[in-house]
Q: 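Mind having a look at this structure? Questions to follow.
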Protein chains: 2
Amino acid sequence: MNISKIAELAGVSRTTVSRFLNDGYVSEANRLKIQKIIDETGYVPSSYAQTLRTKKTNLIGVILPKISSETISRVVDGISGEIGKYGYNVLLGNTDLDIEKEIEYLNIFKNNEVDGIIFVATVITKKHLEMMKKIKRPIVIVGQNVENYSCIYHDDFGAAYSAVRYLIENDKKNIGYIGVSEKDVAVGKERMNGYLKALKDYNYELEKERIQIGEFSTESGYEGCKALVQDNKYLDAIFCATDSIAIGAMEYLKKNNINIPKEIAIISIGDSRVSKVVSPKLTTIHYHYKTSGIEAAKLIISKLQNKDKEIKNIKLGYKLKERESIQ
Amino acid sequence: MNISKIAELAGVSRTTVSRFLNDGYVSEANRLKIQKIIDETGYVPSSYAQTLRTKKTNLIGVILPKISSETISRVVDGISGEIGKYGYNVLLGNTDLDIEKEIEYLNIFKNNEVDGIIFVATVITKKHLEMMKKIKRPIVIVGQNVENYSCIYHDDFGAAYSAVRYLIENDKKNIGYIGVSEKDVAVGKERMNGYLKALKDYNYELEKERIQIGEFSTESGYEGCKALVQDNKYLDAIFCATDSIAIGAMEYLKKNNINIPKEIAIISIGDSRVSKVVSPKLTTIHYHYKTSGIEAAKLIISKLQNKDKEIKNIKLGYKLKERESIQ
DNA sequence: TTGTATGCGTTATCAT
DNA sequence: ATGATAACGCATACAA
């Protein structure tokens, strides 16, 4: 069933049917005739033909590293709910942590496959920038602050700073850090910088062996904590870049009968589901992940409607969740 | 950039370029010329024009109740990874737990918007069935066993039966149950039936006040457990339909200083991240969620390739994870 | 092995 | 207010 068939059945030209569908004006008589045929046949226009003609896909490409992550799936939830209100749908670009696939998706999407791109980013390389430069449709980056692009991200430096300051205010003297590679600017670099700056501001000495860099995993947190404990006699607190890392660190401490929080206090960033359930309950910093998805969606929609031509930079706040892993 | 421009730049006809792209034969000389131009320009064919012409979208519509759920996001991970191998992408139909939206998506997808549909289902109504009947492209249902449709689902009855049998084998005499509405056949009905059958097989008396039905949430587990404890003097174990419910139940018990597992043992289904971290660690049943996504993907792909015409019914197994909430 | 011509279903332009 | 026609970018039947 197509527009011509409908036109034929209604006894009008397909132009008239097209006008009817697109709210152009059609006489009352024809309006009724066409509506009747459409109801009878259950006709729905081909979105592919429409796209070919109008260049509008009504799709937002969402590129992300891993959908089965608590934080990222919340972002997607925010995106999909918000763009749905405007008649858009999500075309998923799940890269499964493969950076080459990110480039691939950018390449596919660049050719007007989607009306806009929301890129949930971890590491931005030169290749990414080159690829993105070629894309003429709006791009919004979530989770990282990238020059010359509209971004929604979290105050990683501020959150890390606050976390460490909170430890200091609670009389912790020897604070370790377990983080991830600085290639991830937001999680790796900014959070470590927050740690370093807080130490500096409070005249704490920086000691190299108090810093452990690993992966985004509990295993990595476990190993990092082990190294920290073995290398630092007087350690009394650890700031972990993510909840997963903190969970791993806590595992190590509990296994070795080191009391949390009396002997070693723990703080991290994420406010994940596990953080509320682990024992002791993890003191952590809440990020507004779903909000970041919603804001990214709003931003891209306003760009698509040409209401927002310039580059926008939205830094979202955070909130300390005081629980039981610090005393 | 389009196929004609590429043809022009390469000094051949657009037919030749089309053949090049579709693995038809082209002379070595032209092959090199075309490849060079494509590399230089970064040309990607318009999938919309291709779809208009061939009726193939290379898209799988994935309808799901909530993406920010640990189980569902794992299913999607499986789907997206597997269909990606065959050049398909995921068009997301996130309904945010709104059943009307499921119908809407089915309606949108029915008009050849996608090549196939994977429906991660919770409750199947008559409306769903009516809508699905109209759809001519392949549909695979995940998580529920629906007559006349190909399904990938878990052995909910068997898993529940095994869970309760495990409690019985561990000398539990008075076993409560906290579940969800039977409208969800898999989680609500089948799991309760497994509970009931195990009691019956081992000659345990069924007592009405040992059954609590609520929602998919920790709060509901908390309330259900409270009711169970208050109404049942000799209760010594609870089987929870989901990990979230179990976490809530454990919260209530811990708050009221009822020892887990000594006074009341807990078992559930899900093997979620929290189940490994909560104290005591939750004994639970592992489901192969990612596998179900992969299997659903494989099934729909084989249907699209016309290798699999008939209705297929795949029931996935489960695995008991013995941890600390039963003694 | 290559090219010409046509049509997929729609919307936009222009004329009536 | 309506209709004829062209064009979007591609794949395919057919001819060469």
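Protein chains get the first letters and strands the later ones, always in sequence-line order, with residue 1 at the start of each.
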Q: Would you mind telling me which of dC10(D), dT2(C), dC8(C) lies closest to the side-chain atoms of V26(B)?
A: dT2(C)
Q: Report the residue (S27(A) or R14(A)) whose heavy-atom-nearest nucleotide on DNA chain D is the more 5′ of the two.
A: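 Of the two residues, S27(A) wins.
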Q: How many whole angstroms separate atom OH of Y48(A) from atom P of dC8(C)?
A: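 Result: 19 Å.
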Q: With respect to the phosphate group of dG3(D), does any side-chain polar atom (N or O) of S13(A) fall under 4.0 Å of OP1 or OP2?
A: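 Looking at the OP1 and OP2 atoms of dG3(D), one of them is under 4.0 Å from a side-chain N or O of S13(A).
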Q: Within the 3.5 Å criterion, strictly below it, is a donor on Y287(A) or D156(A) matched to an acceptor on the partner's side chain?
A: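 D156(A) and Y287(A) do have a side-chain donor-acceptor pair below 3.5 Å.
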Q: Do R31(B) and dT2(C) share a donor-acceptor pair, side chain to base, under 3.5 Å?
A: no
Q: Please classify the nucleic acid contact of Y43(B) as base, sugar-phosphate, or nothing, using heavy-atom distances under 4.0 Å.
A: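 Y43(B): backbone/sugar contact only, no base atoms under 4.0 Å.
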Q: Cut-off 3.5 Å, side chains only: do T57(A) and D115(A) have a donor facing an acceptor?
A: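 A pair is found: one side chain offers a donor N or O, the other an acceptor, under 3.5 Å apart.
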Q: Cut-off 3.5 Å, side chains only: do N94(A) and Y105(A) have a donor facing an acceptor?
A: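 Checked: N94(A)/Y105(A) side chains show no N/O donor-acceptor pair below 3.5 Å.
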Q: Tell me which residues in residues 2-12 of chain B put a heavy atom below 4.0 Å from DNA chain D, sorted by number, or none.
A: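 Here the set is N2(B), I3(B).
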Q: Does A297(B) have any side-chain contact (heavy atoms from CB on, under 4.5 Å) partners at least two apart in sequence or in another chain, and if so, which?
A: E82(B), I83(B)
Q: Take atom CE of M1(A) and atom C1' of dG9(C), then tell me their distance rounded to the nearest Å.
A: 13 Å
Q: Can K56(B) and N58(B) be counted as having a side-chain donor-acceptor contact under 3.5 angstrom?
A: yes
Q: What's the NZ-P distance between K56(A) and dG9(C), to the nearest Å?
A: 22 Å
Q: Is any N or O donor-acceptor pair between the side chain of T15(B) and the base of dT4(C) shorter than 3.5 Å?
A: yes
Q: Taking the side chain as everything from C-beta on, heavy atoms only, tell me whether V114(B) gets closer than 4.5 Å to R137(B).
A: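 Heavy-atom side-chain distance check fails, nothing below 4.5 Å.
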Q: Does S69(A) have any side chain to side chain donor-acceptor pair (under 3.5 Å) partners at least two apart in sequence or in another chain, and if so, which?
A: T71(A)
Q: I want to check one thing: is the phosphate of dT2(C), taken as OP1 and OP2, less than 4.0 Å away from some side-chain N or O of N30(B)?
A: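 True: N30(B) side-chain N/O within range (under 4.0 Å) of dT2(C) OP1/OP2.
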Q: How many whole angstroms separate atom NZ of K55(A) from atom P of dG9(D)?
A: 4 Å
Q: Closest to the R19(B) side chain: dT10(C), dC8(D), dG3(C)?
A: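 Nearest to the side-chain atoms of R19(B), counting from C-beta on, is dG3(C).
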Q: Counting any heavy atom closer than 4.0 Å, what does S18(B) reach on the DNA or RNA strands: base, sugar-phosphate only, or nothing?
A: base
Q: Could you tell me the separation between the CG atom of L52(A) and the C1' atom of dA7(D), rounded to a whole number of Å?
A: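 Between C1' of dA7(D) and CG of L52(A): 9 Å.
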Q: Check V17(B) against V12(B) and note the closest heavy-atom contact, atom names and distance.
A: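 Heavy atoms only, the tightest pair is CG2-CG2, 3.8 Å.
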Q: Please figure out whether A49(B) or T16(B) has its closest DNA chain C nucleotide nearer the 5' end.
A: T16(B)
Q: Given atom CG of N112(A) and atom P of dC10(D), what is their separation to the nearest angstrom?
A: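 After rounding, the reported distance stands at 11 Å.
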Q: To the nearest angstrom, how far is F20(B) atom CZ from dT2(C) atom P?
A: 12 Å
Q: To the nearest Å, how far apart are I38(B) CD1 and dG9(D) C1'?
A: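 Taking CD1 of I38(B) and C1' of dG9(D), I get 14 Å after rounding.
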